[in-house]
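What follows is a single structure, written as structure tokens, with notes after it.
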Amino acid sequence: MEILINIKETITVQEALDFIQSPECGGEVIFAGTVRNHTKQREVLKLFYECYEAMAISEMQKIAVKVQEKWAIQKLVMLHAVGDKYPGDLAVVIAVASAHRGIAFDACEYVIDLLKETVPIWKKEFFADGEIV
Amino acid sequence: MEILINIKETITVQEALDFIQSPECGGEVIFAGTVRNHTKQREVLKLFYECYEAMAISEMQKIAVKVQEKWAIQKLVMLHAVGDKYPGDLAVVIAVASAHRGIAFDACEYVIDLLKETVPIWKKEFFADGEIV
Amino acid sequence: MGILLFGAAKDIAGVPVLEKPAHISDVAALKAWLYEVYPSLQQLKSMMIAVNRAYATDEQTISQQDEVAVIPPVSGG
Amino acid sequence: MGILLFGAAKDIAGVPVLEKPAHISDVAALKAWLYEVYPSLQQLKSMMIAVNRAYATDEQTISQQDEVAVIPPVSGG
């Protein structure tokens with residue numbers, strides 16, 4: 001399995017596509033998480049993502065190892081943005097390429113679920129009403 | 001639910017992204033199906049996709065209606081390429097945007113599964129050994 | 001209107017459109033006639049008939065104004 | 001090495017790094033000390049300790065050379 005893991009200011013779906021698309025794989029599943037302009041009906045101005053980068057990369061690598069143990073996936077991309085992010089901005093991109101689409105869906109969902117549970121990245125929400133959580 | 005359905009010579013993931021990304025939705029799931037350079041260990045030179053376009057569009061609309069009945073999806077894109085397609089070329093793109101990622105994964109997989117079952121599109125495989133199936 | 005043929009059905013018949021005999025008035029009769037004229041159609045894993053761009057049951061009637069199509073197993077995606 | 005603080009834990013402590021008292025030799029003792037010095041940390045839904053960039057159990061020992069971090073509930077993605 002080829003793996004691309006990256007944490008940086010700005011991420012794009014295109015760089016994930018560029019890495020996973022290949023004539024060997026038939027099915028690619030991509031999850032893109034974007035900043036929403038509301039959380040539970042409250043207007044969001046921006047998010048600020050911080051991360052414990054060395055450990056975050058290590059935890060992402062552990063997720064990749066688990067994926068490899070579970071499924072025959074050819075390529076896996078995990079990208080996470082950090083810093084100030086505004087509504088509509090990309091926060092996370094997960095991309096999986098496989099010969100069989102069923103396992104690509106399963107693996108992609110598994111990765112984003114696990115990333116949200118284990119990878120040390122934190123967001124602060126700046127609401128329009130002035131609160132910061 | 002906003003819907004984009006298109007059948008044409010060349011499709012891109014970007015046009016699906018442009019349609020579904022919005023500050024209202026948090027999660028986007030995209031399936032991209034590309035032409036593989038092999039089928040069951042046999043080298044593929046190209047595929048030729050033909051379609052019964054008017055009925056294909058109608059069947060895709062029926063899928064969209066089913067999706068809408070099942071899940072709270074904000075946006076749905078179904079793109080299919082036709083004509084000669086070579087290994088690495090995009091054949092199909094499904095994209096779903098939703099506030100909740102779980103249903104976006106479910107809906108996206110449902111759409112591609114159903115599309116492969118019901119939409120009148122046919123591919124001819126041109127193998128390196130000369131056979132056409 | 002004629003009968004549209006696609007994919008493997010078109011290859012077997014060798015033409016993209018067939019003239020529909022006037023006596024055929026439902027899907028079951030159309031299928032029987034097609035299998036008789038082109039026995040190789042029986043090799044298809046499935047053969048659906050679409051009437052006015054929607055999958056039709058065997059019981060569905062066909063009039064001269066209907067758009068009729070022969071749908072071999074689809075293989076998009 | 002110092003103790004790294006992130007997210008809500010950093011906000012509660014008001015600093016990104018703390019000096020680790022020399023007498024603390026395992027994760028359980030570190031947690032107890034943190035809760036004593038910063039009682040507000042008890043309001044966190046969870047507080048994990050990472051030792052050398054991996055989640056640690058309460059029993060894990062900590063030496064002066066280890067990289068130790070306080071991990072409040074993560075919220076990436």
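Order of the sequence lines sets the chain letters (A, B, ...), proteins ahead of strands, with each chain counted from 1. Just so it is clear, the values below take in all heavy atoms, side chains as well, and ignore hydrogens, waters and symmetry mates.
The structure places CZ of B/F105 at 10.0 Å from CG of A/D106, a figure rounded to the nearest 0.5 Å. Expressed to the nearest 0.5 Å, how far CG of B/L17 lies from OG1 of A/T12 amounts to 9.5 Å.
Contacts of A/L90 with chain B are made by side-chain atoms alone, with heavy-atom separations under 4.5 Å and no backbone atom involved. Looking at B/A95, neither its backbone nor its side chain comes within 4.5 Å of chain A, counting heavy atoms on both sides. For chain B, no part of A/D89 is nearby; none of its heavy atoms comes within less than 4.5 Å. With a 4.5 Å cut-off on non-hydrogen atoms, A/A99 touches chain B through its backbone and its side chain both.
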| query | B/V29 and A/V29: side-chain contact (heavy atoms from CB on, under 4.5 Å), yes or no, with the steps? | reply | CA-CA 7 Å; B/V29 174; A/V29 174; 4.3 Å; yes

| request: Evaluate side-chain contact (heavy atoms from CB on, under 4.5 Å) for B/R101 paired with A/F31, printing each intermediate quantity in order. | output: CA-CA 8 Å; B/R101 69 182 186 281; A/F31 173 79; 3.4 Å; yes

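Contact tally against chain B (heavy-atom pairs below 4.5 Å) for A/A32, A/G27, A/A97, A/C108: the top residue is A/A32. For the set A/C25, A/P87, A/S22, A/A104, the entry with the most heavy-atom pairs within less than 4.5 Å of chain B is A/C25. When B/I112, B/V92, B/V35 are compared by the number of non-hydrogen pairs under 4.5 Å with chain A, B/I112 comes out ahead.
Between the side chains of A/Q21 and B/T34, no donor-acceptor pair of N or O atoms lies under 3.5 Å.
Considering only heavy atoms from C-beta on, A/Q14 comes within 4.5 Å of B/Q14 through its side chain.
The environment of B/K8 atom NZ is dense: over 12 non-hydrogen atoms of other residues, nucleotides or ligands sit within 6.0 angstrom.
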